[in-house]
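Okay, so here's the structure we're looking at.
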Amino acid sequence: MSSHLIRSARLVPLRDGDRAPDRPVDVLVEQGEVTAVGAGLERPAGVAEVDAAGRWLIPGLWDQHTHLAQWTLASQRLDLAGARSPEDVTRAVAERIAAYPDLPVVGWGHRSGGWDREATVTELDAVSGDTAVVLISGDAHHAWLNTRALMHFAMPVRDSVVRETEWFAAYPRLVTLVGNDGTSPEAYRRMLDDAAAQGITGMVDFEFGASREEWAERWTQGCDSLRIRWATYADTLDDVIAAGLRTGDPLAWDPRLTMGPLKIISDGSLNTRTAWCCEPYGDAHKLEHPAGQPNLDGTELRELFVRARTSGLEVACHAIGDAAVGEALAAFAETGAGGSVEHVQMARRDDVRRMAALGVRASVQPAHLLDDRDLTERVWGERSERCFAFRWMLDDGVDLALGSDAPVSPLDPWLAMAAAVHRTADDRDPWHGEQALTVREALAASVDGQPMVQPGSRGDLVLLDRNPLALEGDTASVGTALRAMASAYTVVAGVPVHDTLS
């Protein structure tokens with residue numbers, strides 16, 4: 001950690017009661033913490049100095065839900081986000097194989113939930129021959145593999161996609177098919193640099209099949225510019241407990257790399273129709289499980305919560321459907337564990353209030369509503385008024401934290417804030433605009449609980465060329481302006497990690 005003096009910066013208030021100075025001030029960071037804010041601060045000997053020239057200063061932004069290895073790999077994969085049918089996908093696969101006949105195909109981003117029919121292995125085999133093909137859905141909850149790939153992974157041959165826990169177990173073995181060049185230290189450094197340019201100073205990494213040793217080694221290879229909280233899953237929980245690691249403990253020697261929560265995936269996703277709901281889906285007649293289903297029974301879920309609590313770990317419980325959210329909150333209440341519900345895509349109002357009473361965070365990804373709007377209306381119907389219910393959450397006193405779920409949505413905090421404020425990606429009216437946030441509320445939910453910059457704040461700071469609270473116009477104009485925001489200068493623990501000023 002280092003010391004740093006920022007001259008002539010305008011502070012941005014984040015919460016009710018904040019009173020920002022009416023003129024630029026200086027901000028001194030010493031040993032990774034803000035120690036003084038005021039006009040004309042004396043620069044201690046040996047402390048670096050930068051002139052903000054009246055720019056606006058906010059605490060460092062966080063992405064509270066990422067899958068960083070998948071994000072670094074996404075740019076190298078076949079982009080299928082625009083596919084509207086199985087035929088669109090098989091055509092793209094055939095073109096990729098024709099261009100690179102000696103390489104396996106790994107695709108990312110298709111959303112089959114809106115297609116008119118189920119995809120089959122047979123049709124993928126017809127265009128792929130002996131080339132292994134693995135196509136990961138945009139929600140990451142299923143993959144469409146051809147027979148050659150199924151055999152490579154020693155999985156039962158079938159004519160349908162691989163879903164949920166079976167896919168999560170197989171995903172770490174993808175490296176045996178394609179190698180790991182996409183997650184080299186160089187690739188990670190590029191990703192971290194891109195994040196810093198957006199003002200991100202920290203991320204929670206929920207990567208599947210990862211280990212704490214991998215992050216510790218990566219840290220020594222120069223991937224140490226931002227704060228990282230590494231989450232464990234059940235398969236590495238024994239190792240974490242044996243090491244005596246508790247949430248917040250350093251993973252190595254650097255307090256910027258820390259132990260995060262235990263991640264539990266309690267249900268599936270909307271796109272795969274496996275999110276666990278209180279009522280059946282609108283197309284339930286096509287589904288094996290008409291209302292989705294839990295991935296764990298109640299006893300298994302609570303046993304994991306108890307292990308986390310007794311070991312000093314927070315829980316991050318993935319719950320998308322309203323039944324899953326209710327069950328997650330029951331587990332929090334019965335076990336005394338603390339932490340977050342991840343996604344909370346559909347929730348009953350009473351459960352939102354219960355979340356507030358329990359002190360459980362809602363870790364949400366607003367950009368998902370841009371992708372899921374039409375499918376939600378189609379299969380959840382009038383329940384859409386209870387989806388992405390951010391206004392309920394804040395009004396009921398829930399601690400709200402924004403993220404991306406990258407690569408499911410882009411690793412872009414300004415896109416997340418814009419989606420929370422405007423709630424549409426096209427020319428249609430905001431989708432359930434009554435659940436929208438203000439810019440200040442979205443910003444406050446993006447800084448990891450930090451207050452307006454003041455003595456005692458973390459030395460994680462971002463200078464902006466525009467005041468985000470002064471953006472003008474309707475929510476469409478404000479959303480457009482938010483998506484165009486970027487950092488002019490990013491500091492982590494007093495150390496500059498992005499600089500366009502010099």
Side-chain angles (χ1 to χ4, degrees), residues 61 63 74 79-85 87-89 92 108-116 137-139 198-199 269-271 275 281-283 320 343-347 364-394 400 402-443 445-446 464-486:
L61 301 176
D63 192 316
D79 183 2
L80 298 173
R84 297 293 177 264
S85 67
E87 290 80 9
D88 285 350
V89 172
W108 168 267
H110 68 279
R111 293 182 176 271
S112 56
W115 296 351
D116 293 332
S137 68
D139 61 7
Q198 297 178 74
S269 72
L270 171 67
N271 180 65
Y281 285 80
D283 55 356
I320 287 182
H343 308 306
V344 204
Q345 191 157 332
M346 178 169 61
V364 300
Q365 300 76 43
H368 286 356
L369 69 85
L370 307 178
D371 297 320
D372 288 351
R373 174 178 185 166
D374 294 327
L375 181 58
T376 299
E377 294 287 356
R378 175 177 160 187
V379 301
W380 282 349
E382 63 184 14
R383 288 172 281 178
S384 66
E385 67 181 6
R386 299 191 280 115
C387 293
F388 303 99
F390 308 144
R391 173 53 50 200
W392 283 359
M393 294 174 190
L394 281 191
L400 195 61
L402 305 192
S404 67
D405 201 11
V408 180
S409 292
L411 207 166
D412 183 343
W414 300 105
L415 172 64
M417 285 185 260
V421 169
H422 184 43
R423 293 183 69 96
T424 190
D426 50 37
D427 293 334
R428 290 180 290 180
D429 289 338
W431 187 42
H432 291 290
E434 72 276 5
Q435 295 287 2
L437 302 182
T438 66
V439 174
R440 185 170 70 170
E441 290 167 339
L443 185 60
S446 302
L464 304 173
D465 289 330
R466 299 183 67 183
N467 180 1
L469 304 189
L471 301 177
E472 298 180 346
D474 57 16
T475 60
S477 300
V478 171
T480 298
L482 282 171
R483 289 194 298 272
M485 297 285 282

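Worth saying up front: this structure is predicted, and the values here are computed from it rather than measured.
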Heavy-atom side-chain contact between Val408 and Gln365 under 4.5 Å: no
Distance-minimising heavy-atom pair for Val421 and Ala442: CG2-CB, 4.2 Å
Side chains of Ser477 and Asp474 in contact at under 4.5 Å (non-hydrogen atoms): yes
Validation row: Leu402, Val364 side chains within 4.5 angstrom (heavy atoms): yes
Minimum heavy-atom distance Trp108-Gly138, with the two atoms named: CZ2-O, 3.7 Å
Close side-chain approach of Met393 to Val344, heavy-atom, < 4.5 Å: yes
Exercise: identify the closest heavy-atom pair between Val439 and Pro468: CG1-O, 3.3 Å
Whether Thr438 side chain and Glu441 backbone form a donor-acceptor pair below 3.5 Å: yes
Atom pair NE2 (His432) and CZ (Phe388), whose distance is rounded to the nearest 0.5 Å: 11.0 Å
Distance in Å, Arg378 CZ paired with Asp283 CG, rounded so as to fall on 0.5 Å steps: 6.0 Å
Spacing of NE2 belonging to His422 relative to CG belonging to Leu482, to within rounding of 0.5 Å: 11.0 Å
Heavy-atom pair with the smallest gap, counting every atom of Thr475 and Pro430: OG1-CG, 4.0 Å
Donor-acceptor under 3.5 Å (Tyr281 side chain, Ala275 main chain): yes
Test item: Gln198 side-chain N/O and Leu411 main-chain N/O as donor-acceptor pair under 3.5 Å: yes
Verdict with reasoning, His343 to Asp405, per side chain to side chain contact (heavy atoms under 4.5 Å, CB included): CA-CA 9 Å; His343 308 306; Asp405 201 11; 3.6 Å; yes
Distance-minimising heavy-atom pair for Leu400 and Ala445: O-CB, 3.4 Å
Min side-chain heavy-atom separation Ser409-Asp371 under 4.5 Å: yes
Euclidean distance, Leu61 CG relative to Ser446 OG, rounded to 0.5 Å: 6.0 Å
Any donor-acceptor pair under 3.5 Å from Arg386 side chain to Met346 backbone: no
Side chain to side chain contact (heavy atoms under 4.5 Å, CB included) evaluation trace for Leu270 with Thr376: CA-CA 8 Å; Leu270 171 67; Thr376 299; 3.3 Å; yes
Check ion pair Asp374-Arg111 (N to O, under 4.0 angstrom): no
Separation of Arg423 CZ from Phe390 CZ (nearest 0.5 Å): 5.5 Å
Reported CE-to-CG distance for the pair Met485 and Leu443, which is rounded to 0.5 angstrom: 8.5 Å
Closest approach of Ala416 to Gly403 (non-hydrogen atoms, all atoms of both residues): CB-O, 4.0 Å
Donor + acceptor pair across side chains of Asn271, Ser269 (<3.5 Å): no
Exceeds 12 heavy-atom contacts within 6.0 angstrom, atom CD of Glu382: no
Gln435 side chain to Cys387 backbone, donor-acceptor under 3.5 Å: no
